[in-house]
Amino acid sequence: MKEKILTTKKNGLLATGVISVLYLLAIGMCILGGIVGNAFIVVPGVVWVCIGWFPFLGLKILKPQEALVFTLFGNYVGTIKEAGFYFVNPFCVAVNPAAKTKLNQSGDVKQGKTLDVMKIGNGESISKKISTKVMTLNNSRQKINDCLGNPIEIGIAVTWRVADTAQAVFHVDNYKEYLSLQCDAAVRNIVRIYPYDVAPDVDTTGDGKADEGSLRGSSEVVAERIREEIQEKVKEAGLEVLESRITYLAYAPEIAAAMLQRQQAAAIIDARKMIVDGAVGMVEMALESLDKNKIVELDEERKAAMVSNLLVVLCGNHDAQPIVNSGSLY
C-alpha cells in the first residue's frame with residue numbers, strides 16, 4: 001500500500017464559517033418557530049441544533065512536519081501532510097497504532113523516563129498525528145558476544161524518520177516498536193562479526209581474507225553496516241534510517257578487569273620489546289665505535305661482559321649504580 005496525499009481538503013476556514021452560520025440559523029429557526037408557533041420551522045431547527053456539532057469533527061489542524069492518516073469505514077482514503085486547516089469527512093477516522101508508544105528518543109522522552117518502550121495511561125489524551133520529523137532513537141545498551149566470544153556492552157543512536165505514512169500505519173502493527181526491535185536485532189547481527197580489538201585470523205568483510213576490522217578501531221564502518229541492516233528491515237514499514245552511531249562500547253563488567261590486565265600486559269611487552277631493540281642497537285654501536293677508534297681492545301669474554309653490563313643498564317627499571325674500577329682490567 002502506497003501513500004496517497006490529500007491536497008484538496010485545505011478548506012477548514014470556509015467549512016467553519018458555513019457550519020457556524022448554519023448553527024446560528026438553526027437557533028434562529030427555533031426561536032422564530034417558537035414565537036409564531038410553527039412546527040415546520042421549529043423541528044428542522046431543533047434537529048440541526050442537536051446534530052450540527054457533528055461536522056465540526058471534520059476540522060483538522062496540522063503543524064509543519066505532521067501527518068494524519070484517514071480511513072473511512074475501514075478503507076484507506078488518504079493522508080494529509082502539509083501544514084494548514086483542513087476539513088475532511090467527519091466519518092473519517094485518523095489511524096496511528098503507535099500513538100500510545102513512547103520511545104527513548106527526541107520528542108518522546110517524558111518526565112525523565114528512559115525506557116525504550118513505554119505506554120501512556122488511559123487518563124491521558126492521545127494524538128493520532130504522525131510526526132514526519134527527523135528523530136533520534138537512543139536504544140538501550142545490549143550485552144553481546146563478539147566474534148571471539150567476549151561479552152561486550154554496546155549502545156547505538158539511530159536517526160530516522162517516517163517516509164511513507166501509509167506503510168508505517170498499515171504494514172506493521174506498531175512502527176515504533178518495530179523499529180526498536182529491528183535495531184536490537186541488527187546490532188546483534190553485526191557485532192558478532194567483529195572482535196572488540198584487532199585480532200589475528202579474523203575475517204570481518206566476508207571476502208575470506210583476514211583483516212584488521214574491530215569494533216573499537218572501525219566504529220564508523222560498523223555503524224554504517226548497522227544502518228544498512230536496519231534500513232533493509234524497516235523499508236517495508238515506510239521508515240527511512242538516515243544514520244546510526246555507536247554511543248557506548250565497553251567490555252562487560254565480568255571480564256573488564258581481566259581484559260584490562262591483558263591490555264596492560266600487552267602494552268608492557270610492546271614497551272619492553274622496543275627498549276630491548278634500542279639497547280641492542282646502542283650496544284652494537286658502542287662496540288663498533290670502540291673497535292674503530294682503537295680506544296680499547298677487548299677479547300670475546302670481555303666483550304660478552306660489556307654487552308651484559310650495557311644491557312642491564314639500558315634495560316633496567318632503575319637507575320644504574322656504577323662501580324669504578326681503579327685497578328687493572330685483568
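Just so you know, these numbers come straight off a predicted model, no measurement behind them.
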Pair N174, T101: side-chain N/O donor-acceptor within cut-off below 3.5 Å: yes
When you look at CD of E228, are more than 12 heavy atoms from neighbouring residues, nucleotides or ligands closer to it than 6.0 Å? yes
Test side chain to side chain contact (heavy atoms under 4.5 Å, CB included) applied to Q231 - qualifying residues, sequence neighbours left out: R227, V234, K235, E240, V241
Any side-chain heavy atom of L59 sitting closer than 4.5 Å to one from Y86? no
Test side-chain contact (heavy atoms from CB on, under 4.5 Å) on C183 and I230 and set out the steps. CA-CA 6 Å; C183 287; I230 300 172; 3.7 Å; yes
Apply side-chain contact (heavy atoms from CB on, under 4.5 Å) to the pair V18 and L14, showing each step before the final yes or no. CA-CA 6 Å; V18 172; L14 176 62; 4.2 Å; yes
CG (D173) with more than 12 external heavy atoms under 6.0 Å: no
Applying ring pair (Phe, Tyr, Trp, His ring centres under 6.0 Å), which residue pairs with at least one partner in residues 193-234 are found, sequence neighbours left out? Y196-Y251
With side-chain contact (heavy atoms from CB on, under 4.5 Å) as the criterion, how do T136 and W160 come out once you've worked through the C-alpha distance, each side chain's angles and the decisive distance to 0.1 Å? CA-CA 6 Å; T136 301; W160 67 284; over 6 Å; no
State, yes or no, whether a side-chain contact exists between I130 and L68 at a heavy-atom distance under 4.5 Å. no
For a 4.5 angstrom cut-off between non-hydrogen side-chain atoms, does K60 reach F70? yes
List the atom of V222, the atom of S214, and the distance in Å for their closest heavy-atom pair. CG2-O, 4.2 Å
Kindly determine whether T204 and D211 satisfy side chain to side chain donor-acceptor pair (under 3.5 Å), including the steps that lead there. CA-CA 7 Å; T204 62; D211 53 69; 2.6 Å; yes
For D184 and N139, does a side-chain donor sit closer than 3.5 Å to a side-chain acceptor? yes
Can you confirm whether or not the ring centre of F54 sits under 6.0 Å from the ring centre of F91? yes
Any non-hydrogen side-chain atom of T16 less than 4.5 Å from a side-chain atom of F85? yes
Check K129, K128, K133, K81 against E66 for a salt bridge (Lys or Arg N to Asp or Glu O under 4.0 Å) and give me the one that passes. K129
Just say parallel, tilted or perpendicular for the rings of Y23 and F56, cut-offs at 30° and 60°. tilted
Find out whether T71 and N75 are in side-chain contact, i.e. whether some heavy atom of one side chain is under 4.5 Å from a heavy atom of the other. no
Audit row: D146, R192, side-chain contact (heavy atoms from CB on, under 4.5 Å) steps and yes/no: CA-CA 4 Å; D146 65 2; R192 64 181 178 82; over 6 Å; no
Is it the case that over 12 heavy atoms from other parts of the model lie below 6.0 angstrom from the CD atom of E232? no
Do I154 and I246 come close enough that some side-chain heavy atom pair is under 4.5 Å? yes
What do you reckon, is CG of L13 surrounded by more than 12 foreign heavy atoms closer than 6.0 Å? no
Could you walk me through whether T79 and E3 pass the side chain to side chain donor-acceptor pair (under 3.5 Å) check? CA-CA 7 Å; T79 301; E3 185 179 67; 4.6 Å; no
Give, for atom CD1 of I190 and atom CD1 of I144, the distance between the pair rounded to the nearest 0.5 Å. 10.5 Å
Nearest 0.5 angstrom please: M282 CE to S289 OG, how far? 12.0 Å
